[in-house]
K.L.:
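Dropping the structure in here first, questions after.
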Amino acid sequence: MLDPAQLIRIEAVHRGFLFQHLYTVQCLLSAASLSAQSIEVENDEDVEIQFEGRRVYVQVKHRKESLAWGDIKDTLTRFADLRSAHVSGGRDGKPTFLIVSTAPPNSPLAAKIAADDWPADVQVDWPTADPEARILPAPRASLLEAAKVACQTAGKLPFATLTPETLVWKLAGLVSLAATGEDDSLDHTFKAEELPRLFEQMIMQLQNLPIPPSPYRVQEHEPDLQTGARVRLIVSYSGAGKTSWLAQSAQHASGTVIYLDVADTPGSALANIIAREVAGRVFQTGYHLGEIFLPGASGLEILQHLSRRLAEQNEFVTVALDNVHKLPSDDVLGAIAAGRDLHFVLLGRPEGDISTLEAVLGAPRETLLGWAPDTVAAAAHDEGCQGDAADCQHLIDLTGGLPLFVSNAISVAKSDYGGSLKRLCADLARSAHTKEIAQDLILGRTFDRLPEAVADVAELLSLCDAPLKRDEMRSYIAAAGDNNPAVLDRALRQLVSHGLLQVFADDRIKLHDAARAVGKGRLLLLGSENVKARQKALRTVVQKSLMDSWHPAKLSLFLRLTGETGRLDILVDMATDELFHELGVWPEVEAFLLQGVQDKSVPSDQRLKALDALAFADIRAGSDRAVSWLDEMDTLIEADNLGYEERLRVGMKQMGLLANNGDERSAMRLVSDLTPIVEDLSPSHQRVFQYNVACAELALGAANAAAQRVLPLIEDYYELIGLTPEKVMGNDASDLVRMLKEGTDVDDIKHLADSLDVLAKAGDILGQSSPFTRIHALKFYDLARAPESLFRVGQDLVDQFISKHDFDGALNMMETIVLPQLQQWKPAAYMITVRSHYAVVLAFCERYTEAEAEMARLRPYEPGLAPLIQQELKDQRELIAQLRKYGPPPKWVPGPTSLESTTDHP
């Protein structure tokens with residue numbers, strides 16, 4: 001997201017329009033009980049309702065915060081102009097003016113409304129206003145509540161064969177169309193006497209569509225049904241939810257949507273069938289049908305004539321053809337050409353003549369991207385299964401997120417794995433699951449139909465879960481045994497046409513996630529040695545690719561391949577690097593390191609590094625296992641008489657553990673013991689030692705000593721990287737990277753950020769304000785690509801804003817820095833805690849409905865979370881409830897002469 005602020009503005013505009021349309025739907029559904037004669041949208045006012053001898057003008061306001069005078073000042077001026085038109089006789093009837101708002105007026109506006117000079121014919125209504133004075137349906141506090149109430153009203157109408165949700169969303173789409181003025185039959189106006197016929201017509205249009213699943217779970221970045229394109233091509237495997245998407249989207253669509261499953265339709269009869277269905281639905285019985293179904297005319301001629309008639313009557317008709325891959329492309333193309341005034345949505349699998357349709361129509365195939373982690377968590381929770389954010393993402397990686405595959409996998413987790421997504425994913429990743437799942441059956445048949453050479457290439461690609469450039473894939477496949485470039489290129493083209501190969505920007509390719517699990521299972525049948533040989537070939541290519549262009553997905557793949565091919569030496573070298581633990585890839589290597597420390601044949605220096613990495617990870621996680629790893633390191637150092645650097649590694653970690661446990665005497669004794677050792681080591685070792693001592697002092701409550709210790713370190717690190725605090729001011733990480741001293745070590749950048757973090761924490765304890773310390777630490781963590789520290793310090797900074805009552809500053813920090821970084825890195829360890837923290841910030845900003853909605857989205861994850869995090873979420877829910885009930889404290893507001901930005905306030 002290049003401009004998050006722009007997104008916020010766009011979302012606000014769309015929320016406002018949708019709320020207005022839903023309120024109009026409430027009025028339409030209540031027209032009979034209101035005795036309204038007509039309802040207009042987007043004329044002189046948002047909504048206008050004509051009664052006998054009276055006209056009500058309605059301005060609709062969707063607000064997250066209280067309604068203010070500035071929100072309605074212009075509205076009252078416009079009301080005055082309309083009032084004058086009635087007084088002068090330019091308009092009939094008595095005017096009444098109504099402002100409908102999702103939020104109550106603030107105190108100054110409430111005083112204005114209660115004043116004697118407030119216009120008697122202007123009323124303001126909000127959800128908790130006096131119901132006795134209400135003249136139209138009550139507004140609701142949020143979009144979801146408005147939709148729910150509209151559905152409840154629709155449920156009272158006598159349409160038993162149609163769900164209320166379907167009717168409401170179809171009406172909302174129709175209101176949106178009427179507001180555009182594009183439909184002459186509506187022209188902004190709904191007449192009361194025409195509403196029953198309108199409702200019946202919509203029911204006729206919708207009853208032939210498949211019923212969407214309940215609940216329908218939206219897919220990630222789900223496309224709109226109507227985009228303005230005349231022909232759409234939606235291509236995905238069986239199980240991707242194409243038909244369900246269509247059925248759900250049709251509820252929101254304008255015009256008529258006609259669904260035809262053409263799986264068993266003869267291609268030559270397609271045009272005739274389309275014409276018959278469209279005529280029957282749009283014109284119903286006897287309405288000029290004789291002129292359309294001319295005697296002796298072919299199906300294409302009838303469709304051409306029907307299409308012209310629809311255009312003359314300004315009818316907007318969308319024809320959805322399901323299973324179009326089973327038809328000859330010539331018949332589909334002929335029908336589309338004949339129905340030139342119709343819109344077509346073609347649904348099909350990536351087989352048959354789909355590639356021909358794509359090429360001739362010039363309509364690029366669109367795919368459904370599958371469920372997002374929140375959706376997977378909700379589906380699992382409803383089935384009584386448990387999984388944290390990492391488990392839900394892992395299941396998506398293994399299934400492609402396709403709804404059928406995910407749902408089927410969840411049912412297997414429930415029946416065979418005690419509801420544990422983690423255990424199921426572990427077996428799926430190793431192709432060790434004992435029950436065949438839908439994914440194996442559906443995609444297994446696709447593999448079976450591939451030519452042998454193409455299937456071989458697909459199986460090789462199944463080992464690679466990160467997109468690589470096409471040339472890199474060629475190198476891998478050539479090294480793995482197939483050295484014929486022509487055969488490879490043909491295989492890649494066929495895999496693309498079958499939807500098995502995904503193509504990304506910069507000509508990067510990857511086998512579809514859902515297909516990888518199936519391909520890997522087939523590859524394992526070749527035997528472990530053959531698989532390992534292919535893993536070694538892929539590892540070499542990925543290593544070179546990482547050097548050319550770094551990416552977290554490629555790093556994760558490289559680490560996994562390194563462990564699977566037995567290269568413990570490389571893993572331990574990387575795992576002892578602090579930055580390695582920032583990248584969220586620890587689960588990829590932990591099992592390999594555990595094996596290494598237990599293998600006595602592994603050289604002692606490698607075992608020591610493996611123990612060091614395990615200890616560091618457990619210290620970060622707060623696990624008691626760290627003590628046992630350090631004890632093993634001590635034993636190994638003594639047995640093999642290892643050097644000072646190894647002793648320092650153990651000593652600093654032991655010092656930190658002792659300090660965290662409050663054992664000041666033992667911690668300081670270790671400091672004394674290690675100081676002579678450090679004096680004989682390099683300046684970089686000495687700086688790291690001083691930093692660790694400062695951390696120990698901070699843990700022991702000696703905040704002033706810690707601050708005094710890190711101040712010279714900060715100066716040294718600034719000098720090492722060629723920057724000063726003044727240069728950092730006003731520049732972000734992308735600016736700073738160009739200002740660094742040539743040859744700067746990224747570890748020095750990370751250590752500078754760590755030292756700034758200690759200084760900020762010491763300042764908190766001492767009650768000292770540190771406006772820029774944490775902000776600068778954030779910039780350097782970003783520069784060093786240390787996401788976990790970035791989230792930790794970012795959340796600390798947000799809490800600092802809240803403690804100062806600068807709630808707007810906290811929200812700005814969340815939305816412009818922390819959340820965008822969360823989207824980029826997607827760390828499982830922080831995904832839940834950052835989002836719940838964001839919900840609390842929303843509540844402090846009085847955006848309670850959004851805060852509660854975010855917490856509701858996190859609820860399905862809770863059974864799979866650690867008890868400590870479960871308690872944290874419970875406490876946050878209680879805090880949000882208290883804030884809604886009593887309100888937040890008065891927020892800090894910058895003075896009129898303040899030059900400080902919100903971000904710099906604390």
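Worth saying up front: this structure is predicted, and the values here are computed from it rather than measured. Reckoned from all heavy atoms, side chains included, excluding hydrogens, waters and symmetry mates.
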K.L.:
Is it the case that Gln871 and Asp875 place a side-chain donor and acceptor less than 3.5 Å from each other?
P.N.:
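Yes, Asp875 and Gln871 have a side-chain donor paired with an acceptor closer than 3.5 Å.
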
K.L.:
How long is the straight-line distance from CE of Met814 back to CG of Leu797, given to the nearest 0.5 Å?
P.N.:
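It comes to 10.0 Å.
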
K.L.:
Any side-chain donor paired with an acceptor under 3.5 Å for Lys554 and Ser549?
P.N.:
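Yes, because at least one side-chain N or O of Lys554 sits under 3.5 Å from a partner of the opposite role on Ser549.
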
K.L.:
Assess the residue pair Gln248 and Glu222 against the criterion (side chain to side chain donor-acceptor pair (under 3.5 Å)); give the C-alpha distance rounded to whole Å, side-chain angles, the decisive distance to 0.1 Å, and a yes or no.
P.N.:
CA-CA 11 Å; Gln248 180 71 13; Glu222 196 168 271; over 6 Å; no

K.L.:
List the steps, then state whether side-chain contact (heavy atoms from CB on, under 4.5 Å) holds for Phe807 with Asn812.
P.N.:
CA-CA 9 Å; Phe807 308 133; Asn812 180 64; over 6 Å; no

K.L.:
Between CG of Leu740 and CZ of Arg738, what distance do you get to the nearest 0.5 Å?
P.N.:
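Rounded to the nearest 0.5 Å, the CG-CZ separation comes out at 10.5 Å.
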
K.L.:
Distance only, no hydrogens: is a donor on one side chain within 3.5 Å (strictly under) of an acceptor on the other, for Glu582 and Ser789?
P.N.:
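Yes - a donor-acceptor pair under 3.5 Å links their side chains.
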
K.L.:
For Ala172, is there any backbone N or O sitting under 3.5 Å from a side-chain donor or acceptor partner on Ser176?
P.N.:
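No, the answer is negative, given that no donor and acceptor are paired below the 3.5 Å cut-off.
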
K.L.:
Should the heavy atoms of other residues, nucleotides or ligands under 6.0 Å from NZ of Lys148 be counted, would the total exceed 12?
P.N.:
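No, the 6.0 Å shell around NZ holds no more than 12 heavy atoms from other groups.
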
K.L.:
How about Glu719: does its CD atom have over 12 heavy atoms from other parts shown lying under 6.0 Å from it?
P.N.:
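Counting neighbours around CD of Glu719, 12 or fewer heavy atoms of other residues, nucleotides or ligands fall under 6.0 Å, so no.
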
K.L.:
Considering only NZ, NE, NH1 and NH2 on the basic side and carboxylate oxygens on the acidic side, decide whether Arg63 and Asp71 come within less than 4.0 Å.
P.N.:
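Asp71 and Arg63: salt-bridged.
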
K.L.:
Is Asn731 reaching over with its side chain to a backbone N or O of Lys727, donor-acceptor style, under 3.5 angstrom?
P.N.:
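The answer is yes, because a donor-acceptor pair under 3.5 Å joins these two groups.
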
K.L.:
Any side-chain to backbone donor/acceptor pair from His751 onto Asp747? Under 3.5 Å, distance only.
P.N.:
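Answer holds: yes.
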
K.L.:
So Arg835 and Asp374, salt bridge (Lys or Arg N to Asp or Glu O under 4.0 Å) or not? Walk me through it.
P.N.:
CA-CA 12 Å; Arg835 289 174 57 187; Asp374 282 3; 2.5 Å; yes

K.L.:
Judged by atom type as modelled, is there a donor-acceptor pair below 3.5 Å linking the side chain of Lys750 to the main-chain atoms of Tyr781?
P.N.:
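Not confirmed, Lys750 side chain does not pair with Tyr781 backbone.
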
K.L.:
Where do Gln800 and Asp796 land on the side chain to side chain donor-acceptor pair (under 3.5 Å) test, with the steps shown first?
P.N.:
CA-CA 6 Å; Gln800 188 175 350; Asp796 287 346; over 6 Å; no

K.L.:
Consider only side-chain N and O atoms of Tyr838 and Glu815, and report whether a donor and an acceptor are under 3.5 Å apart.
P.N.:
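A donor-acceptor contact under 3.5 Å links the two side chains.
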
K.L.:
Does the pair Ile396 and Val376 meet the rule for a side-chain contact (heavy atoms from CB on, under 4.5 Å), with working shown?
P.N.:
CA-CA 8 Å; Ile396 290 172; Val376 173; 3.7 Å; yes

K.L.:
Is NZ or CZ of Arg785 both nearer than 6.0 Å to the six-membered ring centre of Trp550 and within 45° of the ring axis?
P.N.:
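Yes, Arg785 sits over the ring of Trp550.
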
K.L.:
Give the intermediate values and the outcome of side chain to side chain donor-acceptor pair (under 3.5 Å) for residues Tyr830 and Gln795.
P.N.:
CA-CA 10 Å; Tyr830 283 86; Gln795 289 186 270; 6.0 Å; no

K.L.:
Using only heavy-atom distances, determine whether the side chains of Asp799 and His837 contain a donor-acceptor pair under 3.5 Å.
P.N.:
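Yes, a side-chain donor-acceptor pair sits under 3.5 Å.
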
K.L.:
Do Thr24 and Val58 make a side-chain contact, defined as non-hydrogen atoms from C-beta onward lying under 4.5 Å apart?
P.N.:
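In short, these two side chains do not touch, never coming nearer than 4.5 Å.
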
K.L.:
When you measure from the side chain of Gln219 to the backbone N and O of Gly370, does any donor-acceptor pair fall under 3.5 Å?
P.N.:
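Judged by distance alone, yes, a pair lies under 3.5 Å.
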
K.L.:
Can the ring centres of Phe616 and His581 be said to be less than 6.0 Å apart?
P.N.:
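Yes, ring centres under 6.0 Å apart.
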
K.L.:
Measuring from Leu783:CG to Asp732:CG, what's the distance to the nearest 0.5 Å?
P.N.:
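Taking CG in Leu783 and CG in Asp732, the distance rounds to 10.0 Å.
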
K.L.:
How long is the gap from CG on Leu858 to CE on Met831, to the nearest 0.5 Å?
P.N.:
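Answer rounded to 0.5 Å: 10.5 Å.
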
K.L.:
Please determine whether side-chain contact (heavy atoms from CB on, under 4.5 Å) holds for the pair Lys61 and Thr75, giving the CA-CA distance in whole Å, both sets of side-chain angles, and the decisive distance to 0.1 Å.
P.N.:
CA-CA 11 Å; Lys61 297 289 186 183; Thr75 300; 4.0 Å; yes

K.L.:
For Trp371, is there any backbone N or O sitting under 3.5 Å from a side-chain donor or acceptor partner on Thr375?
P.N.:
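Answer holds: no.
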
K.L.:
So, are Glu65 and Arg847 salt-bridged, with charged N and O less than 4.0 Å apart?
P.N.:
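Here Glu65 does not pair with Arg847 in a salt bridge, since their nearest N and O are not under 4.0 Å apart.
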
K.L.:
May I ask you to decide whether Arg877 forms a salt bridge with Glu852, counting only side-chain N to carboxylate O separations under 4.0 Å?
P.N.:
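Salt bridge flag = no for Glu852 with Arg877.
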
K.L.:
Using side-chain heavy atoms (C-beta onward) and a distance below 4.5 Å, is Trp825 in contact with Glu788?
P.N.:
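In short, these two side chains do not touch, never coming nearer than 4.5 Å.
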
K.L.:
Is atom CZ of Phe17 surrounded by more than 12 heavy atoms (other residues, nucleotides or ligands) closer than 6.0 Å?
P.N.:
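Atom CZ in Phe17 is not crowded, with 12 or fewer foreign heavy atoms closer than 6.0 Å.
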
K.L.:
Does Cys392 offer a backbone N or O that forms a donor-acceptor pair with the side chain of Tyr861 under 3.5 Å?
P.N.:
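Flag not set: sc Tyr861 to bb Cys392 has no pair under 3.5 Å.
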
K.L.:
In terms of ring plane angle, is the pair Phe19 and Tyr23 parallel, tilted or perpendicular, where the classes change at 30° and 60°?
P.N.:
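Parallel.
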
K.L.:
Has Ser101 got a side-chain atom pairing as donor or acceptor with Pro104's backbone, closer than 3.5 angstrom?
P.N.:
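Not a single qualifying donor-acceptor pair exists.
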
K.L.:
Is a donor from one side chain sitting under 3.5 angstrom from an acceptor on the other, for Gln870 and Glu862?
P.N.:
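On atom types as modelled, these side chains do not qualify, holding no pair under 3.5 Å.
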
